[in-house]
Amino acid sequence: MSSPNPAGGPPARALRTSTNQPPPLAGHNVVTGDAALVEAVTRHASAEVLDDLVGLGALAGTEEARSHGMLANQNPPRLTPYDRYGNRIDEVEFHPSWHWLMERAVGHGLAATPWESDSPHAHVRRAAGFMAWSHTEPGHGCPVSMTYAAVPALRADDAIAKEWTPLLASTTYDPGLRPLADKRGALAGMGMTEKQGGSDVRANVTRAVATGTDGEYTLHGHKWFTSAPMNDVFLVLAQAEAGVTCFVVPRVLPDGSRNRLDVVRLKDKLGNRSNASGELELDGTVAARLGDEGRGVRTIIEMVAATRLDCVLGSTSLMRRALNEAAWHVAHRSAFGSLLADKPLMQNVVADLAIEVEAATALGVRLAAAVDRAEDPHEAALRRIALPLAKFWVCKRTPAVVAEALECLGGNGYVEESGLPLLYREAPLNSVWEGSGNVNALDVLRALSREPAVLDAWLTEVGRARGGDARLDRAIEQTLALLGDAATLEGSARRLAGQMAACLQGSLLVRFGPPEVADAFCASRLGSGHDGTYGTLAGGDLAALVGRATPEV
Ligand SMILES: Cc1cc2nc3c(=O)[nH]c(=O)nc-3n(C[C@H](O)[C@H](O)[C@H](O)COP(=O)(O)OP(=O)(O)OC[C@H]3O[C@@H](n4cnc5c(N)ncnc54)[C@H](O)[C@@H]3O)c2cc1C
């Protein structure tokens, strides 16, 4: 019983303990609690693969993991360019929570491990694990992702691939700048962007000078954004005699000395604050050519394609985490006499957000399955077109989803300790890097105009759901009509990419999703029904959609 307050007003205990505030969302399993992920992994891989991820899902949902995620962002990395004696060292120091997160990400095989795996579902496993683990904190996903993505590009040169892949694929997190021979695990990064041009890498001015030894060069110039500069190796573009060329740049040379990679400063970024993004200067930096001179874009595009997949997965994870928090909050908070989750309009908002996450999850895992089946020509062509589509569409929708989820928590959502501001600041990033929105939309046009097989692959894939829902059938026809006009029209690239992506998502949900999810998606995302504001569904089984999205502890 609360004692009455002699001064009047609320009972004394009510001033010291809260009521009508949700309990913290901790102790839930972010894998088994994500029905869309469970179904997609089982569909595209197996129940065993799913079982293998249950421990990671439990760890990612703990208070401990959440707290490391917050700490790594509250304590951003610091650059020490010189040691106390004035020697150039270019060390970046990360908070211990960053290392805690990295150790578990690498340890669970989320870096380059799938490339060395015999499992036919290694990439689906890794994709689902990456999505689950990114609930803890998105920034450290950057080096994990670049390490995953480097391997297909390194395969342009057998000897170089043999040298680096086992360490990149290792499940041992072994930080610190040491020569390759002294390391049990390594991480990779990339240096493409320069001051005068990022998307347009052909404008690179960094020069590569052949040293006379076969395949060896020195690099001279700068890089305007190079994330995770403590990584062990970087794929870097520079101008050689025959044009833009890709190079492998180790951070430490075999004799133990540091390669010349001066970190001029770290960027002060909107989000992604746990991660370091450096401005580099190169002068006599030792590099090995990867692939032919003049074919640098062709070589590094393999890395870019793999990071684009992670942008889709990372954005999906951000949206899922935000949705979890929103659904949890409304399930425990009352207003005007009943739970928010029972208010028809709040149900509409959460259900609408849930559809977005369902669709992104289905598409992300489908793309990872295409990597597992890369030898199949349909899968390879589908991946070529569906990666830029998905990167454009899913990443572009993420900030609006996260903002709406934040609002479901009311004022609490705007406060740092809720975790939502961290997600909100991160939300635009996946659409900016690895080809910004326009660049990916234009890449869709490029693929359509240069590689006829990609349209067949898209048609085959969406066609598998034909007859399942008249709204999807109509949307496919409308997209084909747009395609007729748009293939040569740059100004329509976003519209086309968005429609193609929505048809792909719709076809997956119609074939495999629960009927209430597929129905709500087709009703709202195909055609002109959705104005981009969440909470505007015109009908459907909203309670079922919200129930499916609400985490259980
Ligand atoms: C946190 C962070 C970390 C990063 N880490 C790395 C890294 O590790 N390595 C690395 O190499 N880079 C990195 N980048 C750089 C990033 O990849 C680039 O910023 C991005 O590719 C865009 O290049 P830009 O900034 O030069 O913009 P620009 O290329 O100038 O583009 C500006 C805008 O114009 C649009 N645009 C470009 N071309 C066209 C066109 N033809 N038609 C219509 N619109 C067009 C773009 O979509 C964009 O919206 C990082 C960036 C950030 C924010």
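All ligand and atom numbering here is 1-based and tracks the order in the structure. Values below: every heavy atom of this structure, side chains too, minus hydrogens, waters and symmetry copies.
Scanning Val439, Leu442, Asn438, Val236 for the heavy atom closest to atom 44 (N) of ligand 1 points to Asn438.
Judged by the 6.0 Å and 45° rule, Arg88 forms a cation-pi pair with Tyr82. Annotation: cation-pi geometry not satisfied between Arg251 and Phe234 (NZ/CZ under 6.0 angstrom from ring centroid, within 45° of ring axis).
Protein heavy atom at the shortest distance from atom 50 (C) of ligand 1 is Phe225 CD2, 3.3 Å. For atom 29 (O) of ligand 1, the closest heavy atom belonging to the protein is Ser199 OG, 2.5 Å. Nearest non-hydrogen protein atom to atom 47 (O) of ligand 1 is Ser436 CB, 3.1 Å. For atom 18 (C) of ligand 1, the nearest protein heavy atom (residue, atom name, distance) is Thr193 OG1, 3.9 Å.
One finds the CD1 atom of Ile355 at 11.0 Å from the CD atom of Gln505 (value rounded to the nearest 0.5 Å).
Counting only heavy atoms, the protein never gets under 4.0 Å from atom 34 (O) of ligand 1. For atom 25 (O) of ligand 1, the nearest protein heavy atom lies 4.0 Å or farther away. Per-atom contact check: atom 31 (O) of ligand 1 touches the protein, criterion being a heavy-atom distance below 4.0 Å.
Evaluated for a side-chain contact (heavy atoms from CB on, under 4.5 Å) with Glu279, the options Lys267, His222, Lys195, Lys223 yield exactly one hit, Lys267.
Checking Glu137 against Ser274 by side-chain atom types alone, a donor-acceptor pair falls below 3.5 Å.
At a 4.0 Å heavy-atom cut-off, ligand 1 does not touch Lys223 at all. Contacts between Ser277 and ligand 1, counted as non-hydrogen atom pairs separated by less than 4.0 Å, involve the side chain only.
When each atom of ligand 1 is checked for a heavy atom of Met192 under 4.0 Å away, the hits are 10 (C), 11 (O).
Within 6.0 Å of atom CD in Glu407, 12 or fewer heavy atoms from other residues, nucleotides or ligands are found, so the atom counts as exposed in its surroundings.
Using a 4.0 Å cutoff on heavy atoms, Lys267 does not count as a contact of ligand 1.
Ligand 1 has no nitrogen or oxygen under 3.5 angstrom from a nitrogen or oxygen of Asp200.
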